[in-house]
Amino acid sequence: MHAPTLCPAADIPPTWRRQRPGSGPRAPQPGPVAPAEPEGCPQRVSVGQRPCSGGGRPGSSPVQPSRSVGPVTRSEGARVSETKGQPRSDRPSPDEPPTGPGQGAAAPRPHPDAPPRGGILMGRPFGVPVYVTPTWFVIAALITWVFGHQLEAVLPELGAERYLVSLFFAVAFYGSVLVHELAHTLVALRFGLPVRRIQLQFFGGVSEIEKEAETPGREFWLAFVGPLLSLVLGGVFYLALQPVRPGTVPGVLLAGLMVSNIIVAIFNLLPGLPLDGGRMLRAVVWRLTGRAMSGTVAAAWVGRCLALAVLIGLPLLSARRSAVSGSGADTFTDAILAAVLASIIWSGAGQSLRTARLKEALPQLQVRALTRRAVTVTADTPLSEALRQAQETGARGIVVVDGRGDPRAVVRESAVLTVPEHRRPWTATGALARDLTPGMRLPATAGGEELLEALRSAPASEYLVVEADGSLYGVLSLADVERVLTAAMAGR
């Protein structure tokens, strides 16, 4: 993928002002206004646009397309998805209450190991937290009902107790899914890839591996070990079934677990992303072409074809079976199941493509190219005066300094936009600023994965950018980073 340069974001006049043609500079106007652009520059910063020339300070460096790295979400047992590339969603809202000198500290952020909303921590095998999401209880209830209905025909003497047996089967089946996920986890840890957590949810399990394998060989084994363990479990249950008398509760449970693990293995071996087989195909193409992106594109399109095959093929097979048995209820259920599975596979394949684009663009995401020019004012400076200075210098950032000129806070653009024009002469700039924390000071040389990790560790809407000697370079807006990331994910 080519990586053209972009229009310098800092050359754009402040977004919090508006001018009428021929009227000269005016006082700032309330509300967000689309920024004016230098002649020849695109209206929006996005990957794929023509470069604009510039110098070497903020506002003159060409903006480069971005890349993003985040946790690799690998889902087995039923699906695999990738959700990397974007700064954490638990950052403070742009509309958070103003914090600045004398205004209080920033709101605390969630612990990085915080569970998914509503998730229940079940344990930490090998130091990796395992969570059960509320959707698991839905599928557990569904399995209990379906398997209990089947037990009524096989073991009618159980009566209502068949649902207790079915519940045990549901728990044991997801225990097998957990073993499947732990296989991925152990191999990832063996390869030095950190695993954030494991989730048990509606359609199986998710192992959130924070980095991708560095070689196609490691990628192949990391994907293959899950289905391999499911096949091994199927064999174990088959051997355990041999001495058991058929038509008994243990016999039915062991047979059900044997079949279900074999189905999980076969399903995950299908050669299309986001399934394990798709990642194995990606590794093979990666090895043959030498490009991970080529492997991702091939496996993702195979995954989309697979989704269409599931959507159309499963209901047709069910309809043919129902024509023989004379029952149409199973056909309707299978059609719903096919639609859900197809949507999961299709969306997972598309997400794999987007994250691959982000990874390919990552080295071009540089702080120096995205930094906005900034002016410095004291905390008691009226907002109208601070905006006037920013307008005169073409700056798009405001930094609050103390009496010695040392930066103490960064003014939040979202807070400025909420102040009506008539209140700006009476509003202190410091009231709209957020106090600087150590994580909000970024080196001008940062970029790529280093930049994204810094944004994750200290969520904020604006950051202070400094040179190696500690001098002020400018202000980095999270909105600019997100805009470039979004453009890269969309392939523009």
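Side-chain atoms are counted along with the backbone in the values below, which use heavy atoms only and exclude waters and symmetry mates. The first residue of the sequence shown is numbered 1, and numbering continues consecutively from there.
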Mark yes when over 12 heavy atoms from residues, nucleotides or ligands other than Q389 sit less than 6.0 Å from its CD; otherwise mark no. yes
Could you check L222 against I209 for side-chain contact (heavy atoms from CB on, under 4.5 Å), going step by step and ending with a plain yes or no? CA-CA 10 Å; L222 185 58; I209 303 173; 4.1 Å; yes
Test L476 against L451 for side-chain contact (heavy atoms from CB on, under 4.5 Å), laying out the working first. CA-CA 11 Å; L476 176 68; L451 171 59; 4.0 Å; yes
Check this for me: R287, atom CZ, are more than 12 non-hydrogen atoms of other residues, nucleotides or ligands nearer than 6.0 Å? no
On a heavy-atom basis, the closest approach of V419 and R423 is CG1-CB, 3.9 Å
Derivation of the salt bridge (charged side-chain N to carboxylate O under 4.0 Å, His left out) call for R368 and E467: CA-CA 10 Å; R368 195 177 295 275; E467 293 281 15; 3.3 Å; yes
Please lay out, stage by stage, how R424 and E421 fare under the test salt bridge (charged side-chain N to carboxylate O under 4.0 Å, His left out). CA-CA 5 Å; R424 292 177 178 179; E421 180 183 359; over 6 Å; no
Please find the pair of heavy atoms, one from A374 and one from I398, that lie closest to each other, and give the distance. CB-N, 4.5 Å
Check the pair E181 / S207 against side chain to side chain donor-acceptor pair (under 3.5 Å), numbers first and verdict last. CA-CA 6 Å; E181 297 302 324; S207 298; 2.3 Å; yes
Between the main-chain N or O of V401 and the side-chain N or O of T378, is there a donor-acceptor pair closer than 3.5 Å? no
Residue set satisfying ring-ring contact (aromatic ring centres under 6.0 Å, His included) with W136, at least two apart, ordered chain then number -> Y174
Test item: L121 and Y131 side chains (from C-beta on) under 4.5 Å apart, heavy atoms: yes
Taking all atoms of both residues into account, what is the closest heavy-atom pair of T429 and A386, and its distance? OG1-CB, 3.6 Å
Please report the interatomic distance CG(L370) to OG(S477), rounded to the nearest 0.5 Å. 9.5 Å
With sequence neighbours excluded, what pairs up with D406 under the salt bridge (charged side-chain N to carboxylate O under 4.0 Å, His left out) test? R404
Give the C-alpha distance, both sets of side-chain angles, the deciding distance and a yes or no for side-chain contact (heavy atoms from CB on, under 4.5 Å) between L288 and V284. CA-CA 6 Å; L288 294 176; V284 171; 4.1 Å; yes
A side-chain contact here means heavy atoms from C-beta on lying under 4.5 Å apart; do L182 and P125 qualify? yes
Go through D276 and R279 one step at a time and tell me if the salt bridge (charged side-chain N to carboxylate O under 4.0 Å, His left out) criterion holds. CA-CA 5 Å; D276 289 333; R279 305 201 68 85; over 6 Å; no
L311 CG to L337 CG distance, which is reported to the nearest 0.5 Å: 11.0 Å
Any idea which heavy atoms bring P407 and R441 closest together, and the distance? O-NH2, 3.2 Å
Using a 4.5 Å cut-off on heavy atoms from C-beta on, say whether the side chain of R190 contacts that of V225. no
Looking only at side chains, do Q351 and R354 share a donor and an acceptor under 3.5 Å apart? yes
Look at the side chain of H180 and the backbone N and O of L229, then say whether any donor-acceptor pair between them is shorter than 3.5 Å. no
Supply the atom-to-atom distance I266 CD1 to L275 CG, rounded to the nearest 0.5 angstrom. 13.0 Å
At what distance, to the nearest 0.5 angstrom, does CZ of F137 lie from CG of L200? 10.0 Å
Donor-acceptor contact below 3.5 Å, side chain T296 vs main chain A292: yes
Where do R434 and E462 land on the side-chain contact (heavy atoms from CB on, under 4.5 Å) test, with the steps shown first? CA-CA 9 Å; R434 177 173 177 176; E462 281 86 14; over 6 Å; no
Scanning both residues in full, the closest heavy-atom pair of S230 with A265 reads CB-CB, 3.7 Å
For A307 and W346, work out which heavy atoms get closest and say how close. CB-N, 3.8 Å
L432 CG to S414 OG distance, which is reported to the nearest 0.5 Å: 9.5 Å
Spatial distance of atom CD (E214) from atom CD (E219) [nearest 0.5 Å]: 11.5 Å
